[in-house]
Protein chains: 4
Amino acid sequence: MAGVNKVILIGNLGKDPEVRHLEGGSTVANFTLATNEYYRDKQGTRIERTEWHNIAAWRGLAEMAEKFLKKGQQVYVEGKIRTRQYQDKDNQTRYITEIIADEITMLGSRPHGQEAAAGAPAAAEAPQTFRQEPELDQLPF
Amino acid sequence: MAGVNKVILIGNLGKDPEVRHLEGGSTVANFTLATNEYYRDKQGTRIERTEWHNIAAWRGLAEMAEKFLKKGQQVYVEGKIRTRQYQDKDNQTRYITEIIADEITMLGSRPHGQEAAAGAPAAAEAPQTFRQEPELDQLPF
Amino acid sequence: MAGVNKVILIGNLGKDPEVRHLEGGSTVANFTLATNEYYRDKQGTRIERTEWHNIAAWRGLAEMAEKFLKKGQQVYVEGKIRTRQYQDKDNQTRYITEIIADEITMLGSRPHGQEAAAGAPAAAEAPQTFRQEPELDQLPF
Amino acid sequence: MAGVNKVILIGNLGKDPEVRHLEGGSTVANFTLATNEYYRDKQGTRIERTEWHNIAAWRGLAEMAEKFLKKGQQVYVEGKIRTRQYQDKDNQTRYITEIIADEITMLGSRPHGQEAAAGAPAAAEAPQTFRQEPELDQLPF
DNA sequence: TTTT
DNA sequence: TTTT
């Protein structure tokens, strides 16, 4: 039974994307994204709660992230949840949950006092949407 | 800067919900949800990939989950991602990512050879949607 | 400023898809989808409200719809809203809002007393997800 | 069979919200929202396509829209699709499709040369999310 | 570690 | 009718 696994986030990058070129030719960009929530507690005090998400962008989307995204920027990210396991230094099994991005849209304006990454569109140009191209070996059937 | 943290899943319960009544009066129901994805690899072989999600439903939604949801059932879950840390038995910090459900809708029909949970609507009745009522101390401001 | 225009529906087909082969070689499948909502009114009476959506699936997705979808079937549809205008028989401008599907997933089981469309997967096979392949002339920039 | 009818939009207000106080005590705010899409056509020319959506916000959300939203502002809107019919001046049945907003989040910064609506949060304050409170007579069952 |  |  086919299912749906979809995540929609709007938040700010906690750091510049880190790009790695893997053996085998793949490229992946990783960054953290903060989504902020505000509410009042029982005493009426305003509370801010920040959730941090690990974002992974692969292949073409990784290159876009490297070129156009910077720490602090507000973005829309659409993707899916993936939890993978790894062995830590004590050889214990650990789990990490990531969002595999399918689409990234730049929102609002750049933060003050911060330059766009090299190659980013000039202020006069329209901010952009980037979509992951489907891999030939990952088409649904 | 307010953000968005939204998850949309369609999958099948991996087990009956486990309900706990916490000190302080809250109720929480936990269950796992499998979302299946199908694709062909480079050799053209059909691959099935299952992602397991930890779902937490609180308060009124927990009671609904306890009454109406059972292992194997197909559901739509809307909610948000939350990662919390805890100390494991070796006093090491560990992280677990959960989906806090805001809305659960029952889909399709019950799996063969499986009874509905006690109190579930008869087959002739419309399957249902359950929404979390907002907590008075958690309204946005 | 790039935006987001996303629709997520779960409902039942109101009729079999109607497929048209347009001059120029495109194929489009149209069907209606009912999304049901249940609530109680002020008197406590159960109310059912049905919203009807016009779904359009293009190219590869149209062929999938023609092969695999039938009246009554429960599906997940992801797509975007598009309103287009046309002239009615009195030469007045009219508007119609459609959902252009990007992804369709078959849910649950087939309705009783109804055969699957020719070519549909056997009951024992996994229901399927179909995604629109991007058109070369419609990639984001 | 309960369904799902969900819309997620990011766009800019085409005009200030228009607020009406209906007989019976309800308040509704209406505004248009432009979602922009960019792509290249077969000749490689950059095309901008704008979709206009009719947004309706009721009750508490209408008051928030009136206070805090202005023409040009970039917002995230979550809601559902509703098509209603009415009689035009020639007594012909016409249809209009609207998005009934459940949640509105203000994004980015205010457009240059434009004042915030009276009562809007000062620049130093966090932009906000507004959610529709459920009506007692519209709870799911 | 972000943003306001 | 928006935005860049």
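Here the structure is a predicted model, which is why all the values come from computation and not from measurement. In what follows, chains are A, B, ... by sequence order, proteins preceding strands, each numbered from 1.
In this model, no donor atom of one side chain and acceptor atom of the other lie less than 3.5 Å apart for C:H53 and C:T32. A donor-acceptor contact closer than 3.5 angstrom is absent between the side chains of A:N5 and B:E37.
Considering only side-chain atoms of D:W52, the nucleotide from E:dT1, F:dT2, E:dT4 that sits closest is F:dT2. For D:T32, the side-chain atoms get nearest to F:dT1 when compared with the rest of F:dT3, F:dT1, E:dT2. Here the nucleotide nearest the side chain of B:M1, chosen from E:dT2, E:dT1, E:dT4, is E:dT4. Of the candidates F:dT1, F:dT2, E:dT3, F:dT2 carries the atom nearest the D:A34 side chain, counting heavy atoms from C-beta on. The side chain of D:Y38 approaches F:dT3 more closely than any other nucleotide in the set F:dT3, E:dT2, E:dT3.
Rounded to an integer number of Å, the gap from CD of D:Q73 to P of F:dT1 is 20 Å. Here the P atom of nucleotide E:dT2 and the CD1 atom of A:I104 are 19 Å apart, to the nearest Å. In this structure, D:N36 atom CG and F:dT2 atom C1' are separated by 7 Å, rounded to whole Å. One atom, CG of D:N12, and another, P of F:dT4, lie 7 Å apart when rounded to the nearest Å. Between the P atom of F:dT4 and the OH atom of D:Y39 lies a distance of 21 Å, rounded to the nearest Å. With rounding to whole Å, D:L69 atom CG is found 21 Å from F:dT1 atom P. We find that NE2 of A:H53 is positioned 18 Å from P of E:dT1, with the value rounded to whole Å. The distance from atom OH of A:Y76 to atom P of E:dT2 is 25 Å, rounded to the nearest whole Å.
Residue contacts shown for A:T50 include a base, since a base heavy atom lies under 4.0 Å away.
Under the 6.0 Å cut-off for aromatic ring centres, D:F68 and D:F130 qualify, their centroids lying closer than that.
C:E51 contributes a side-chain N or O that, together with a main-chain N or O of D:T83, makes up a donor-acceptor pair within less than 3.5 Å.
For the salt bridge (Lys or Arg N to Asp or Glu O under 4.0 Å) test with D:E98, the passing option among D:R82, D:R84, D:K80 is D:R84; the others fail.
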